[in-house]
Amino acid sequence: MTELYLITPPRLGPDFADALAAALDAGPVACIQLRLKEAGADEMRRAIDALRPVAQSRGVAFLLNDDPRLAVETGCDGAHLGQDDLAAHGGLARVRRVLDGLSLGITCHDSRHLAMEAAEQGADYVAFGAFYPTGTKEPKARADVEILRWWSELMEVPCVAIGGITPGNAAPLVEAGADFLAVVGAVWQHPDGPAAGVRAFRAELA
Ligand SMILES: Cc1ncc(COP(=O)(O)OP(=O)(O)O)c(N)n1
Ligand SMILES: Cc1ncsc1CCOP(=O)(O)O
Ligand SMILES: [Mg+2]
């Protein structure tokens, strides 16, 4: 069954903890990743302290983007790293040791090789994308839906699809075997609010 994987929007408003609670209560949501690319260490810690309990009190995993050590220090459930982040943190094997038993997700773009390498070195999931145009991030690659089918037919490690995903275009990704759909804009920019955004995915994930 495919599950919803939320990533926080690029900027968090003052009431974001309430918005997150509403989105998670409209679930099911498998996890939330805190992704604040412009935040300094203090702002990041404040955001983690405010948002981690909202997720974990609902049984939703709280993952931190980019910084495995901070994830461990602040009680997160794991971290998501891209290829540049791996290099900055000494490689996957070292990150795996830092995270100890916490979850580790790796960006693999459109690369079967990167995904197999990540899985062999202990990643808990691999992320492929971008599958569709997105205004949230300038993706380094575009992935074809067939990479999800290839991965899910061959491998045990779960795969995440990301990039421009909406309820209207999710079906091919689900049919191809994506274990998770990672979503930013379709939920946080939903005209009726994030809870409606989460509900809009229900029919695609049932
Ligand atoms: C689930 C998921 N997939 C991909 C990314 C992108 O990570 P990365 O390539 O490190 O880029 P930034 O998010 O750090 O800009 C992700 N964060 N989450
Ligand atoms: C972080 C990231 N990595 C590849 S695309 C993307 C952004 C996805 O955001 P949206 O769901 O709004 O397209
Ligand atoms: Mg990163």
Side-chain angles (χ1 to χ4, degrees), residues 2-12 19 23 29-40 44 47-48 55 60-71 76-92 95 98-99 102-111 114-115 117-119 123-145 147-148 151 157-170 172-174 178-191 194 197-198 200-201 204-205:
T2 304
E3 298 183 81
L4 195 55
Y5 176 135
L6 294 184
I7 299 178
T8 57
R11 277 162 296 286
L12 307 182
V29 174
C31 67
I32 175 77
Q33 178 194 134
L34 177 62
R35 177 178 180 269
L36 291 179
K37 297 301 292 182
E38 311 303 327
M44 189 76 84
I48 294 168
V60 175
F62 188 85
L63 304 182
L64 183 62
N65 189 38
D66 287 349
D67 191 334
R69 195 167 299 285
L70 186 59
C76 298
D77 297 295
H80 182 91
L81 275 74
Q83 295 299 317
D84 296 347
D85 306 314
L86 285 175
H89 288 275
L92 201 153
V95 168
V98 167
L99 284 173
L102 299 186
S103 296
L104 172 59
I106 302 294
T107 295
C108 299
H109 304 296
D110 61 342
S111 170
L114 286 176
E117 204 172 55
D124 293 293
Y125 68 79
V126 295
F128 294 115
F131 286 95
Y132 302 108
T134 171
T136 303
K137 171 181 169 72
E138 189 55 50
K140 290 182 180 162
R142 286 295 300 268
D144 182 277
V145 68
I147 199 168
L148 296 169
W151 183 265
V157 171
C159 62
V160 176
I162 190 168
I165 301 176
T166 70
N169 64 26
L173 306 176
V174 174
D179 295 289
F180 300 91
L181 301 180
V183 173
V184 184
V187 166
W188 306 113
Q189 293 170 17
H190 192 285
V198 169
F201 276 96
E204 301 308 320
L205 303 178

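Keep in mind that this is a model prediction, so the values were computed, not measured. Whatever order the structure lists ligands and atoms in, that order sets their numbers, starting from 1.
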Practice problem: Assign the ring pair F180 / Y125 to parallel, tilted or perpendicular, where the plane angle (0 to 90°) is split at 30° and 60°. | Solution: tilted

Exercise. Tell me whether D84 has at least one N, O or S atom under 2.8 Å from the Mg ion (ligand 3).
Key: no

Quiz prompt | Region of D84 engaging ligand 1 - heavy atom pairs below 4.0 Å | solution = neither

Quiz item: Which residue supplies the protein heavy atom nearest to atom 11 (O) of ligand 2, what is that atom called, and how far is it?
Solution: V184 N, 2.9 Å

Quiz item: Does K140 come within less than 4.0 angstrom of ligand 2, counting non-hydrogen atoms of the residue?
Solution: no

Quiz prompt | ligand 2 to T136 polar contact by distance, N or O atoms, under 3.5 Å | solution = yes

Self-check item: atom 10 (O) of ligand 1: the protein heavy-atom neighbour that sits closest, reported with distance to 0.1 Å
Solution: D85 OD2, 2.9 Å

Quiz item: Sub-3.5 Å donor-acceptor pair from the side chain of W188 to the main-chain atoms of A19, do we have one?
Solution: no

Practice problem: Say whether, by atom type as modelled, one donor and one acceptor occur between the side chain of D110 and the main chain of A141 under 3.5 angstrom. | Solution: no

Practice problem: Could you find the nearest protein heavy atom to atom 13 (O) of ligand 1 and give me its residue, atom name and distance? | Solution: R35 NE, 2.6 Å

Quiz item: With a 4.0 Å cut-off on heavy atoms, does Y5 reach ligand 1?
Solution: yes

Quiz item: Can you list the atoms of ligand 1 that are under 4.0 Å from a heavy atom of K137?
Solution: 11 (O), 12 (P), 15 (O)

Exercise. Take D84 and K140, measure what salt bridge (Lys or Arg N to Asp or Glu O under 4.0 Å) needs, and give me the verdict at the end.
Key: CA-CA 12 Å; D84 296 347; K140 290 182 180 162; 2.7 Å; yes

Practice problem: Show your working on salt bridge (Lys or Arg N to Asp or Glu O under 4.0 Å) between R35 and D66 and close with a plain yes or no. | Solution: CA-CA 8 Å; R35 177 178 180 269; D66 287 349; over 6 Å; no

Practice problem: May I ask you to identify, for I162, whether its side chain, its backbone, both or neither come under 4.0 Å of ligand 2 on a heavy-atom basis? | Solution: side chain

Quiz prompt | Spatial distance of atom CG (L6) from atom CD1 (I32) [nearest 0.5 Å] | solution = 5.0 Å

Quiz item: With backbone taken as N, CA, C and O and side chain as the heavy atoms from C-beta onward, which portion of K140 lies under 4.0 Å from ligand 1: side chain, backbone, both, or neither?
Solution: neither

Quiz prompt | 4.0 Å heavy-atom contact, A186 with ligand 2 | solution = no

Exercise. Give, rounded to 10 degrees, the angle between OD2 (D85) and OD1 (D66) as seen from the Mg ion (ligand 3).
Key: 90°

Practice problem: Identify the protein heavy atom lying closest to atom 9 (O) of ligand 1, giving its residue, its atom name and the separation to 0.1 Å. | Solution: T107 OG1, 3.3 Å

Self-check item: Heteroatom distance test (P139, ligand 2): nitrogen or oxygen, under 3.5 angstrom
Solution: no

Exercise. Compute the shortest N/O to N/O distance between T134 and ligand 2 and return yes if it is under 3.5 Å, no if not.
Key: yes

Exercise. Answer side chain, backbone, both or neither: which part of K37 comes under 4.0 Å from ligand 1, heavy atoms only.
Key: side chain

Exercise. Looking only at protein heavy atoms, identify the closest one to atom 18 (N) of ligand 1 and say how far it is in Å.
Key: Q33 NE2, 3.0 Å

Quiz item: Atoms of ligand 2 less than 4.0 Å from G185 heavy atoms?
Solution: 10 (P), 11 (O), 12 (O)

Quiz item: If you count the non-hydrogen atoms of other residues, nucleotides and ligands that lie under 6.0 Å from CZ in R69, is the total more than 12?
Solution: no

Quiz item: Would you say L81 and ligand 1 have an N/O pair spaced under 3.5 Å apart?
Solution: no

Self-check item: Protein contact of atom 5 (S) of ligand 2 - nearest heavy atom, named by residue and atom, plus distance
Solution: G163 CA, 3.8 Å

Exercise. List the closest protein heavy-atom neighbour of atom 3 (N) of ligand 2: residue, atom name, distance to the nearest 0.1 Å.
Key: K137 CD, 3.5 Å

